[in-house]
Student: 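Structure provided below as structure tokens; questions to follow.
In each ligand, atom 1 is the first atom listed, and ligand 1 is the first ligand listed. What you see is a predicted model, and the numbers here were worked out from it, not measured in a lab. Numbers for residues simply follow the sequence, beginning at 1.
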Amino acid sequence: MKTPLAGDAAGFASLGLADSLVSAVAALGYEEPTPIQREAIPVLLSGSDMLGQAATGTGKTAAFALPLLDRLLRDLKTNRGRARALVLVPTRELAMQVAEALHKYAKGSNLNVVPVYGGAPMDHQIRALRRGAEVIVGTPGRVLDHLRRKTLDLSTVEVLVLDEADEMLDMGFAEDIDLIVAETPETRQTALFAATLAPRIAAIAGRHLKTPKRVTIAKEKLGAGKMPLVRQVAYIVGRGQKMTALGRILDFEGPKSAIVFCRTRIEVDELTDTLNAHGYGAQALHGGMVQKQRDRVMQLFRSEQADILVATDVAARGLDIDHVSHVINFDLPTAPEVYVHRIGRTGRIGREGMAITLANPREHRFLKFVQALTKQKIEILNLPTEADLKKRRLEATKETLREQLAEGGLDEVREIVESLVQDFDILDVAAAAVKMIHDAFDKSTGEGEVDESRDEARRSGRDSGRDERGPRDSRAPRPRQSGAMMLLRLSVGKEESIRPADLVGAIAGEAKISSSAIGAIKIHDDYSLVEVPADLSDKIIAALRTTKIRGHKVTIQAKPA
Ligand code: AMP
């Protein structure tokens, strides 16, 4: 019952790529080509030379890697074991990344991809080259070194890619590049990528490209009028710190309803699990889900039973939700127009909205680019500290008190206050009462940091505790799980591929309760344990008995937690 939205990276097939490559990107969770891929892939498949403007994060690696592999894989017997493609990159780190990406996309083809870069033992690389390599990914200095030693022969190269050419020029590789290109046949196809198409790039393109087609993702200036009026902020965090940062931000902002964007289906599922494991009510939405699942998730989000929707761009497109308070770019959008689309989901007329982007230091450039195009400021902020969170919680306690005062109905407790003021100062009495409320909230909502090492382990599936869902929410006081709890034992577990999100979705959706009311979840091989509020347990059990979880009927046993 898949709809076109659930299409398996069908957009890649329509660009003319071989089936095996379309399947490879679908397996990686890609849902559609990024803007640079949509433009560049057909040009490169046609055999033309290409001059592309694209920075890190736009998906440019796949933009050249997929057509390159398409050509090589169609005709694997040609020059088997000889260098057919050369990708020049500025750094060792990038050489490893690009080689890894080529491996992933060419999985199962037994194509040999060899990275060669400085700082690594020469003999190891020489042996790898001798064994035969159809694709070489290298830094200019080391490639030249191999050419001089005659351990590399480029006379059979069909495709040459100059990746991040502006950085290679900045690093003084201009001459090395010229020498290397001179070793390749005139008949080759050449693609050059740079973040900006400055005159010096035009010069190198003029020397090495033949009537290249130009591809750029910043085609049109995005008018300021198109931009929603929302506060736009960004946090610069390292790759490994993203989950901790997100936890802090969610705690600080306490969003009523947030959409968190990731790039791939796999990332959406992983992040949803991690968030649920930390006590946030998150639901996943991506194109790999059948319509019924998507409807259920949307219903939970619309009825505010799930605070957080974790989504891919494809799945979120066309959603008509008007109460989103926060859009969070957990992964950077792949182009400025994708950024504008995403943040357009918040700040709809008359509502306040906030757009938050997590970027790593290398991706800082993208933010500048978006600011220049949209003519709107993106503030770079420091992550909220523990002290900031504390202050936020105190403010929220004050707000709760204000609401209580407005509501009235205080006559009974007034008597207590009146008797206490015989012995104490009235301000002290009030302060003690406020402290008790605040402490009670803190206790019921729990405190503490998201443990990064566990998150990383969780993301790579190494954590044995990956299915725990601890009660934890130190955001603005919203007590959860403070009353008596029941422990439900459900007859489905890991063997049925059950994830915390499935249980939260089924319980919240079928019993029509808020996902934040659900406590700890632990998934075992053939059963799962879920804590639920005692007063709701009958309703939940009744609802679960009439439904299926991941296609399985469940039996349920309950006992006090
Ligand atoms: P790059 O700009 O090539 O460094 O790619 C940045 C990231 O985007 C990498 O993690 C890729 O795996 C990912 N990526 C590339 N193309 C797509 C796509 N079409 N859909 C989702 N993720 C993608």
Student: Can you list the atoms of ligand 1 that are under 4.0 Å from a heavy atom of Gly59?
Tutor: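 Close to Gly59: 1 (P), 2 (O), 3 (O), 5 (O), 15 (C).
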
Student: Regarding atom 16 (N) of ligand 1: of the candidates Lys104, Glu363, Gln37, which has the closest heavy atom?
Tutor: Gln37

Student: Backbone, side chain, both or neither: what part of Phe12 comes under 4.0 angstrom of ligand 1, heavy atoms only?
Tutor: side chain

Student: At a 4.0 Å threshold, what atoms of ligand 1 neighbour a non-hydrogen atom of Thr56?
Tutor: 2 (O)

Student: Any protein heavy-atom neighbour for atom 10 (O) of ligand 1 (distance below 4.0 angstrom)?
Tutor: no

Student: Considering all heavy atoms of both residues, which atom of Thr272 and which atom of Ala282 are nearest to each other, and what is their separation?
Tutor: CG2-O, 3.7 Å

Student: Under a 4.0 angstrom heavy-atom cut-off, which atoms of ligand 1 come close to Glu32?
Tutor: 18 (C), 19 (N), 20 (N)

Student: State the CD1-CG distance between Ile41 and Leu68, to the nearest 0.5 angstrom.
Tutor: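 Taking CD1 in Ile41 and CG in Leu68, the distance rounds to 11.5 Å.
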
Student: Before signing off on this row, confirm whether Arg263 and ligand 1 have an N or O atom pair separated by under 3.5 Å.
Tutor: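 N/O-N/O distance below 3.5 Å exists for this pair.
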
Student: Output the list of atoms in ligand 1 that are nearer than 4.0 Å to some heavy atom of Thr34, sorted by atom number.
Tutor: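 Numbered from 1, ligand 1 contributes 16 (N), 17 (C), 18 (C), 19 (N).
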
Student: Near Gly57, which atoms of ligand 1 are under 4.0 Å from a heavy atom of that residue?
Tutor: 1 (P), 2 (O), 4 (O), 6 (C)

Student: Can you measure from CD (Gln189) to CG (Asp49) and round to the nearest 0.5 angstrom?
Tutor: 6.5 Å

Student: Rounded to the nearest 0.5 Å, what separation is found between the CG atom of Asn112 and the CZ atom of Arg84?
Tutor: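 Rounded to the nearest 0.5 Å, the CG-CZ separation comes out at 12.0 Å.
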
Student: May I ask you to list the atoms of ligand 1 that are less than 4.0 angstrom from any heavy atom of Thr61?
Tutor: 1 (P), 3 (O), 4 (O)

Student: Nearest non-hydrogen contact with atom 18 (C) of ligand 1 belongs to which option: Phe64, Tyr30, Phe193?
Tutor: Tyr30

Student: Working to the nearest 0.5 angstrom, can you tell me the gap between Leu250 CG and Leu275 CG?
Tutor: 6.5 Å

Student: Side chain or backbone of Thr264 under 4.0 Å from ligand 1, or both, or neither, by non-hydrogen atoms?
Tutor: side chain

Student: How about Phe64 and Phe193: are their ring centres within less than 6.0 Å of each other?
Tutor: yes

Student: Could Asp307 and Lys256 be called an ion pair, given the rule that one side-chain N must be under 4.0 Å from one carboxylate O?
Tutor: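 Looking at Asp307 and Lys256, the cut-off is not met.
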
Student: Looking at Arg80, I want to see if its CZ is surrounded by more than 12 non-hydrogen atoms of other residues, nucleotides or ligands under 6.0 Å.
Tutor: yes

